[in-house]
**Student:** 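Would you mind keeping the following structure in view while I ask a few things?
Counting starts at 1 for both ligands and their atoms, following the listed order. Note that the coordinates shown come from a computational prediction; the quantities given were computed from them, not determined experimentally.
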Amino acid sequence: MIQRLVIFGGTGDLTGRYLLPGLAALHESGRLDPSFRLVCADLKDWDDEQFRAWADAQLDQHASNTPADSRRAITAAARYRRADIQNPLEVAEAIAGDGPVAVYLALAPALFPAAIQTLHSAHLPEGSRLVLEKPFGEDLTSAETLNHLLADLVPEQAVFRVDHFLAMTTVQNLLGSRLANRVLESLWNSAHIAKVEIIWDETLTVEDRAGYYDNVGALEDMVQNHLLQLLCLVAMEPPITLSERDLRDRKVDVLRSIRTLTDDDIPRRTRRARYSAGAIGDRQVPSYADERGVDPQRRTETFAEIELALDNWRWSGTAFVLRTGKALGADRKEVAIHFRPVPHMPFGDAGSTSPNVLRFTLDPEGLTLALTVVGSTVGTLVPLTMTAPIHPPELPAYGRLLLDVLTGNPALSIRGDEAEQAWRVVTPIISAWSRDLVPLDHYPAGSLVPSGVGNSR
Ligand code: BG6
């Protein structure tokens, strides 16, 4: 287990909201080595005490469920270093120490190429690992370039392109439900499943993340990574084991089977929109264009929906709809498996029935199955919905990911060829949208899913 973690971007939102809480949860679970040391590096002229005061406040806010002694243990293990990721001397000082180190780039993706080059000249100790946040690149070409740069720095096994969705319990349970039971897998194909919806609708707005979000938008922030990863887990062939090679080979197969959307398909199979002023509950929300840090000329979308087809034996004929939006009227975060109607209904006019739907709800984490059953009145059919919560996880998603980084298990991180395949799917859409082949619709904040192109899906 690696005992040193250095986070560049160590005073940023990601560190405060996810990484420090993840480490505190690891400490509480007893899985953190007692000699674990943390260095947070950033551009602020802080000393250790100023950093620790900030970190304590972040932990109090974002990890209030973790006992105080674990929160304090993390801040006590932390040091602060002022370092510019583009300055090899400062970076070398930040990573200096005995033995290998895990370096976490919690930075704007635009800084990745420079960061990798600086780390090269700063000489990472043998056996070190590198962690990169998404999005990995901004299109297929830039992802390929990043992969080449990384290959010169550390072996692929030591690169962790993280996607925290893969560490969520329900997401893990996509695999558990499919592969540890007989009951689902025999139905898991296009003969029985008409449509798979992978939905991440948020009431959350852009908040104070415009500096990042305005450069990426919904398609690159969520679809290129998180939602395509969920699609992989739903659609992949059963792997031999859950080791990194088997799991990632099978995910790459899925990505490779996704049919490339052409300029003719894109207006019919994708839509984009962004929120205008509105109210979410009793909260007034300004229009996205007026949010602090947003450049309205960029025409960044806050809602994206795409429909994909998979060209393989199992899934030919099933529609995969991926959708995400911010500032919507209700949270809906789930993978919904829509089964086909029964081939013959022997109940006469007992009532209309809805096809079965199996939902993996992602937040809160749970499972729901909609069945049609015989009603209490003779000759009627009624819907029955069975819902079960999923056991709360021992570790939050980032705790699990950090554990994998420190112990050197890359199974839940994205391999280089996987990232490139995901960009192969999304790059034609980015290109078509930038040429305005699809209009940028608007929806008032707080509305339900915006109507418009493709809403009949
Ligand atoms: C992040 C996206 O990766 O995932 C955010 O950048 C999104 O825009 C978030 O809100 C959703 O995940 P979580 O775990 O924060 O609910």
Side-chain angles (χ1 to χ4, degrees), residues 9 12-22 25 58 61-65 104-110 112 131-138 160-174 198-231 233 272-275 280 285 288 291 293-294 300-305 322-335 360-366 390 392-393 395-402 412-414 419 422 426 445:
D13 183 64
L14 182 81
T15 304
R17 201 184 276 253
Y18 294 112
L19 302 184
L20 294 174
Q58 293 293 310
Q61 184 180 348
H62 301 297
S64 51
N65 292 338
Y104 202 123
L105 300 182
L107 297 167
F112 287 174
V131 193
L132 297 101
E133 269 296 324
K134 54 102 232 213
F136 181 77
E138 53 191 35
F160 290 73
R161 298 171 193 80
V162 297
D163 188 312
H164 76 283
F165 274 42
L166 291 176
M168 289 177 177
T169 333
T170 325
V171 174
Q172 291 287 304
N173 262 313
L174 277 167
I198 300 175
I199 307 285
W200 191 267
D201 290 347
E202 297 181 304
T203 49
L204 213 66
T205 66
V206 66
E207 297 185 301
D208 50 4
R209 296 172 70 221
Y212 154 76
Y213 192 86
D214 202 38
N215 287 302
V216 291
L219 187 66
E220 291 179 46
D221 179 48
M222 291 292 300
V223 178
Q224 189 276 340
N225 36 75
H226 301 322
L227 301 194
L228 278 177
Q229 282 296 317
L230 294 176
L231 185 154
L233 298 187
R272 58 176 178 153
R274 74 175 177 190
Y275 63 86
I280 305 176
V285 173
Y288 176 75
E291 296 270 20
V294 166
T300 303
E301 80 284 353
T302 59
F303 173 93
E305 183 176 52
L322 279 55
R323 181 178 95 204
T324 186
K326 287 206 180 283
L328 290 167
D331 285 304
R332 181 181 162 204
K333 301 169 180 176
E334 65 179 20
V335 174
F360 295 84
T361 51
L362 303 171
D363 187 14
E365 301 192 297
I390 283 182
L395 292 173
Y398 270 95
R400 169 72 197 270
L401 289 179
L402 286 163
L412 296 187
S413 73
I414 314 298
V426 164

**Student:** What residues form a ring pair (Phe, Tyr, Trp, His ring centres under 6.0 Å) with His62, not counting sequence neighbours?
**Tutor:**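 Residues passing ring pair (Phe, Tyr, Trp, His ring centres under 6.0 Å) with His62: none at all.
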**Student:** Going by side-chain hydrogen bond (donor to acceptor under 3.5 Å, both in side chains), name the residues that satisfy it together with Arg209, two or more places apart in sequence or in a different chain.
**Tutor:**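 By the side-chain hydrogen bond (donor to acceptor under 3.5 Å, both in side chains) rule, Arg209 matches no residue at all.
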**Student:** List ligand 1's nitrogen or oxygen atoms that come under 3.5 Å of a protein nitrogen or oxygen, with the partner atom and distance.
**Tutor:**
from	atom 1	to	atom 2	distance (Å)
ligand 1	3 (O)	Lys134	NZ	2.8
ligand 1	3 (O)	His226	NE2	2.7
ligand 1	6 (O)	Lys134	NZ	2.9
ligand 1	6 (O)	Arg209	NH2	2.8
ligand 1	6 (O)	Asp221	OD1	2.6
ligand 1	6 (O)	Asp221	OD2	3.3
ligand 1	8 (O)	Arg209	NH1	3.0
ligand 1	8 (O)	Asp221	OD2	2.6
ligand 1	8 (O)	Lys326	NZ	2.8
ligand 1	10 (O)	Glu202	OE1	3.3
ligand 1	10 (O)	Glu202	OE2	2.5
ligand 1	10 (O)	Lys326	NZ	3.2
ligand 1	12 (O)	His164	NE2	3.3
ligand 1	14 (O)	His164	NE2	2.8
ligand 1	15 (O)	Tyr18	OH	2.2

**Student:** With sequence neighbours excluded, tell me which residues meet ring pair (Phe, Tyr, Trp, His ring centres under 6.0 Å) with Tyr275.
**Tutor:**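 Tyr288.
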**Student:** Given Thr170, which partner from the list Leu362, Leu230, Thr361 fulfils the side-chain contact (heavy atoms from CB on, under 4.5 Å) test?
**Tutor:**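 That would be Leu362.
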**Student:** So if I apply the side-chain contact (heavy atoms from CB on, under 4.5 Å) rule between Arg323 and each of Ile198, Asp201, Leu227, Val223, which one comes out positive?
**Tutor:**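 Filter result, single survivor: Asp201.
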**Student:** Grab the two heavy atoms, one from Gly293 and one from Asp214, that are nearest each other, plus how far apart they are.
**Tutor:**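 Smallest heavy-atom distance, with atoms named: O-OD2, 4.2 Å.
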